[in-house]
Each structure stands twice: as C-alpha cells, then as structure tokens.
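Everything on this sheet refers to the single structure shown next.
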Amino acid sequence: MTEQNENVAFDPIRCEKATTLLQQGVSCYPHGFERTATVAEIRERFESIGHDPADERFALAGRLYTVRNHGKTVFADLGDETGRMQVYIRKNDLGDELFTRFVELFDRGDIIGVRGRPFRTKVGELSLWVDELQLLCKTLTDLPEKFHGLKDTEKRYRQRYLDLVMNERARETFRVRSRIISFIRSFLTERGYLEFETPTLQPIYGGANARPFTTHHHYLDQTLFLRIAPELYLKRLVVGGFERVFEVSKNFRNEDIDSSHNPEFTMVEAYEAYRDYHQMMDLTEELVLRLVETTHGSTSLVYGENTLEFAHPWRRMTMEEAVREYAGIDVLALSLEELARIAAEHRIPDCAKATHQREHLILFFEFFVESRLIQPTFIHDFPVENSPLAKRHREKEGFTERFELFINGMELANGFSELNDPRDQLERLLTQDRRRLEGDLEAQMIDHDFINALALGMPPTGGVGIGIDRLVMLLTDHASIKEVILFPQMKTARESEPAEE
RNA sequence: GGGCUUGUAGCUUAGUUCGGUAGAGCGACGGACUCUUAAUCCGUAGGCCAAGGGUUCAAAUCCCUUCAGGCCCGCCA
C-alpha cells in the first residue's frame, strides 16, 4: 500500500476518509469545476451588500483554510489565488447526507467548490451563503497551524508549495517577481529589442569571471559547461546583424552559497549596437526607475532600514572619484609604496599581489566604498585589469568604459562599451587564460570562435547585465536571495541511511 | 574557510542557566452547539527531545562527533 511507504507523508486518517468517500461514490479527485467567480471579483462587486443575500448565485473554488463548526451550521474560510472569503454552510440548505459528509469527511486543506449567494453576516463579514458544495481535491497531509502558520525558514525553502499555501507574503513576493520579469521583457521589446535564447550548455564558458559547473555529454563524449553568462553568444548575434538583443538567462556559478548568492541565478543581459556605456547607464536607470514606480507607485522605496530614492538623476562617479570621496585617497597620485603602506595600515586584503596603482584602486574601492553605496549609484571607468571584455576608455589610459550599479551596497548591474577590437580581445583573453592555467579558478577561457566573430566586425555596442534576483530582493524588501528564488539550492537531506560498507 | 546560533508532537513552542520519568496552544480523534471568524465548551490519543557516542545511580538538559539550517565575516567584480 502506498500509505505504508515511509518516504511519503500521508496521514492515515485522511487516507481512511478518502477511502470512505470513494465507497460512498464520491470522487476525491474530480476532473473540473464550473467556477463562475473569484474571491476578488465577489469582494469587488458586493463591497456594499447588506445582510440580505444577493439574487445571483456564484460558484467559488479554493482551499479550506479554517473551519468553524457550530453543529448544524459551519463557517469556513475558502481561499483562492485572489484571496479568502468566508462561506456559510447550513444543514438546512445542504440536506442531511451532504452536510454530514462535509462535516465528517472534509478537512481543513481540502480543495472544494461551492455555490451560493453573497451576503453580509450579522458581524459584518462579506460571505457566501452556500447551498451546494463539492469536493474538488482531497488533501492527504495536514496543513500547518492556523494562527502561527509556517515559520520554519528551512521548511519554507524546501517545501515552497507549503510556504505559498500558508504565507501571503511569499505569494506576493513571487507575484512581484513574475511581474518584474514581464516588465523587463516589455520594456526592452518596446524599445526594439529582440529576445533570444543562447546555449546553456557551452563547450567553452565565458562572459564573466567565475567557476563553472562541468558536465559531460555522452554521445559527443565531450565536456560541457553550464553557462556562467550569455554574453559572448549575445555579442555574436550583434555581429550577425541583430542590433538590439536581450536574454533573460539562468546562469550557473560553482561558488559559495549565501544570502546574496545562489548557484543558479537569473540575469537579463541586453546589447545595443551604436550605443556606449553612458547610454547603457541611461537605459538601466530608466528601467529600474520604471520598475520601482510600477511595483511601488512611487519613485522611492524602503529597503530594510534605508529609504532608497530612484528619481533621476542617479549619482555617477568614476571609481577613482569614489575612492577619493569615501576614503580620502587619491590612488593615482600616490606611489606604489605609499599605497602598500595604506593597504597594510587598513589590512586591505589581497593588496600584496597588486603590482599597479590601478589594481590598488579596485581593492581600495571594494574595501572602502562598495558597502557604503546605499542610494543608486553608478561607478564607472574601471581599470582594464579586471575588465577583459570592456572597451578601452576613449581618454583614460589603462581604464575601460565600464560601469556597475550599486544599490544598498549590492552590485545590481554591470555594463560597458563592448570591446570590439578582435586583436585586443585576443590579448586580454590570453591573459585570462594564462591566469586560469596558473590556478585562478575564476579566470576565463579563450573562446576563439568568439574572437573570430569579432574579427568579422561588431559595431560599436553598449551592453548591460542586471541581476534579477537581487533586483527582486530590493523591490520586495528581502535580505536573503533565498526569499526571492522559488526553489533555492539546499543541501539534500539524506534519507534514513542503511549502514552499508 | 572563521565566528555566533538553532533543531523538542503535524504546526507554534515551554522546559536547557542549576541533570531527577517531557508541558501547553493549535491541529487530529470522540461529544455539544444554526451568524462564527485564532469560535466556544467537555473528553481522548499523539514525543524515546535532529543522529551517534561519552560522563553519570540518573541526560532534552553536561561533553565530543556528525547531519541539516539561520545570522555575521572572509571569498565570490
């Protein structure tokens, strides 16, 4: 019997009830129900109804969240996707057989369909006066406690369905997430962008500095990597003549898991020909502002303890200016010895390896500035050393036309004037590959096909990638990325282990 | 990788300081109740306290190990 399978959480009493229902000729899993309204629709239409029931009957369907049994009358709360509504059920109206079946064999958590007329109870609650009722799905497990609900964080992540059933906040978060992604798609589409899908399984990974997941294709007998970014493929499309492209992509990075990192995460990357990084900052700023307005009806929002303001214009400063402002250090005006001394004084990590002022600049920026960028801020003009895919700056030697967007100390977006000089790109990837072979687990591979694509000519192009998970965190006021990913990566709980070997 | 911290009934939890046979609410089960809404009232069952080991006459409680979480730091542009 399935009920005896130890990996299954069936409640024996509910199983018995299901069996009894079947014996009575009642299907526990019927094939449909003619629903004529949602809870929200009835709430809207009968907002001002009084105690007398409406003339019109409606059919509602949903899950039983609470049942208050008064003997020959029952109040219950029925919840569908749009909300909950109280239903009023009387023995008089249903008849003995159906009423008894409902009271004895239906449980909290079951999904039912009801028909009846809206009215307002004596204490003023809009309800449905039920005269007909039907089981739509018999539940075989208990629901969490009705008042405290489900709080256990781990359980909420591992059994997200249960979280969604119990917690409106969780439902709202993922509703917003879905809307954000739709909004991004229409925002870009309206501006003439085409959405494409590029490979998730890649023979050579690239487009970011990160450790990849490795897998193997049996038929090809070949190693493949899960993509860490779609960048190099999207640029091939720009080479091919698509001048505005984007992809909402799942990327996979084989790194640590913490409150802002999940091994698979969602990004949108967009590329537009004949644009530069200034214009991509404009695009990013407009997109995020419009998202904030759409989700909050305002240009500002509260995130944790901070109120963030997104109205134009956002602050834009170079990395060099940022370090000067936040740390009072003019990195490029100091000698390597002086920089090393400051680094030692503040115990700034990794400075021992830095062989150039520009490398100190990056480290100083991360140490002194990053976490203090609360309001939306673009930092631009990054050293060439850590920007292998960005075009060299039109004026500043040793720098690239790259920007990152920081909000609440988090990196939200990264973009640049795309490097389209194939010889320069080859040089930079050769440097990356050298580092990789020297043991840098996050350095990039050389993708010769990509370089050959550039050799065919890519127009001057601006590109940007925006981390959607972090954007959702921001827009839903969550501190952990696990709250905004439906099924975050969790270590597999071992099932009872037979002691072998 | 480092620090702190959590795991007790289906759910929410008390008990851990200072060792002495595990307590509650909700839920479930049985009963009463035809306008309740965390319904109410009466009654019943349900836990070897995450797992393993140790100390002890005696361990949920003290010690060690392991497992799975959470928070912070490091790392990850």
Side-chain angles (χ1 to χ4, degrees), chain A residues 9-14 16-17 51 65-77 84-94 99 103-104 107-109 119-127 129 140-158 162 166 208-211 228-229 253-263 265 319 347 349-350 359 361-363 365-367 370-371 379 382-383 385-390 400 402-406 410-414 416 440-442 465 467 479-480 482 488 490-497 499:
Chain A
F10 296 168
D11 172 23
I13 292 166
R14 284 176 185 250
E16 260 174 55
K17 288 179 179 176
H51 186 61
Y65 277 94
T66 55
V67 178
R68 295 178 289 282
N69 188 337
H70 290 252
K72 295 184 182 63
T73 184
V74 175
F75 288 93
D77 296 330
R84 292 192 193 180
M85 175 161 286
Q86 177 168 270
V87 295
Y88 179 50
I89 299 162
R90 303 194 318 167
K91 195 170 186 174
N92 291 12
D93 303 318
L94 288 196
F99 186 81
V103 167
E104 290 182 355
D107 288 297
R108 187 167 164 263
F119 78 111
R120 195 169 293 280
T121 61
K122 273 180 190 165
V123 289
E125 171 128 1
L126 179 59
S127 309
W129 192 313
L140 295 187
T141 56
D142 286 324
L143 234 46
E145 204 240 18
K146 65 185 170 192
F147 185 61
H148 296 94
L150 178 67
K151 292 235 176 70
D152 186 286
T153 313
E154 182 178 351
K155 197 158 213 166
R156 287 183 44 237
Y157 297 157
R158 288 188 190 274
L162 196 54
M166 295 307 295
N209 288 16
R211 272 183 91 168
I228 55 173
R253 298 189 184 175
N254 208 339
E255 293 165 353
D256 286 1
I257 296 176
D258 63 31
S259 56
S260 59
H261 296 82
N262 194 63
F265 64 102
M319 188 179 276
R347 299 185 183 178
D350 294 329
E359 291 175 63
L361 179 63
I362 299 165
L363 296 165
F365 172 76
E366 287 167 0
F367 184 81
E370 221 176 272
S371 63
I379 298 296
F382 282 52
E385 282 76 8
N386 73 336
S387 308
L389 301 167
T400 60
R402 174 183 180 187
F403 70 88
E404 285 189 347
L405 170 61
F406 290 90
M410 262 192 315
E411 180 199 331
L412 260 285
N414 179 19
F416 18 95
D440 183 344
L441 295 170
E442 284 156 11
S480 169
K482 287 191 173 75
M490 303 287 279
K491 198 154 185 172
T492 307
R494 268 193 264 173
E495 298 193 343
S496 54
E497 212 182 356

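First the proteins, then the strands, lettered A, B, ... as listed; each starts at 1. Quick caveat: nothing in here was measured; it's all calculated off a predicted structure.
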Original post:
For the side chain of A:Asp77 and the base of B:U37, is some donor closer than 3.5 Å to an acceptor across the two?
Top reply: no
Original post:
On a whole-Å scale, what distance lies between the C1' atoms belonging to B:C67 and B:A51?
Top reply: 7 Å
Original post:
Closest to the A:Arg68 side chain: B:U37, B:G70, B:C35?
Top reply: B:U37
**OP:** Could you check which of B:C72, B:C29, B:C35 has an atom nearest any side-chain atom of A:Ser259?
**Re:** B:C72
Original post:
For atom C1', what is the distance between B:C41 and B:C33, given to the nearest Å?
Top reply: 9 Å
Subject >> Gap between atoms CD1 and P, on A:Ile257 and B:C71 respectively (whole Å) >> reply: 13 Å
**OP:** Ignoring the backbone of A:Asp258, work out which of B:C75, B:C71, B:C35 is nearest its side chain.
**Re:** B:C75
Original post:
Among the nucleotides B:G70, B:A68, B:U36, which one has an atom lying closest to any side-chain atom of A:Lys491?
Top reply: B:A68
**OP:** Looking at every strand, decide which applies to A:Glu404 at a 4.0 Å heavy-atom threshold: base, sugar-phosphate, or nothing.
**Re:** base
**OP:** Answer with base, sugar-phosphate or nothing: what part of the nucleic acid does A:Glu411 contact at a heavy-atom distance below 4.0 Å?
**Re:** sugar-phosphate
Original post:
Taking a pair as Watson-Crick or G-U wobble with both distances under 3.5 Å, which nucleotide is matched to B:C62?
Top reply: B:G54
Original post:
How is A:Phe382 classified with respect to the nucleic acid when contacts are heavy atoms under 4.0 Å: base, sugar-phosphate, or nothing?
Top reply: nothing
Original post:
Out of B:G69, B:A38, B:G70, which nucleotide sits closest to the side chain of A:Glu154?
Top reply: B:G69
**OP:** Consider the side chain of A:Asp256, meaning its heavy atoms from C-beta on, and name the nucleotide among B:U37, B:C33, B:C75 that approaches it most closely.
**Re:** B:C75
Original post:
Does any donor-acceptor pair link the side chain of A:Thr66 with the base of B:U37 at a separation under 3.5 Å?
Top reply: no
Original post:
When the nearest nucleotide of RNA chain B is assigned to A:Trp129 and to A:Ala208 on a heavy-atom basis, which residue is associated with the more 5' position?
Top reply: A:Trp129
Subject >> Among B:C33, B:A28, B:C76, the nucleotide that comes nearest once only the side chain of A:Asn69 is considered >> reply: B:C33
Subject >> Presence of A:Lys91 side-chain N/O under 4.0 Å of B:U34 phosphate oxygens OP1/OP2 >> reply: no
Original post:
Counting side-chain heavy atoms from C-beta on, which of B:G69, B:A38, B:C72 comes nearest to A:Arg158?
Top reply: B:G69
Which atom pairs link the protein and nucleotides 6-15 of chain B when you take only N or O atoms and keep those under 3.5 Å?
residue	atom	partner	partner atom	Å
B:C11	OP1	A:Lys155	NZ	2.4
B:C11	O2'	A:Glu145	N	3.1
B:C11	O2'	A:Gly149	O	3.0
B:U12	OP1	A:Lys151	N	3.2
B:U12	OP1	A:Asp152	N	3.2

Subject >> From B:A38, B:U34, B:A68, nucleotide with atom closest to A:Lys146 side chain >> reply: B:A38
**OP:** Could you please name the partner base of B:C35, counting Watson-Crick and G-U wobble pairs only when both distances are under 3.5 Å?
**Re:** none
Original post:
Taking the same atom, P, in B:U8 and in B:G69, what whole-Å distance lies between them?
Top reply: 15 Å
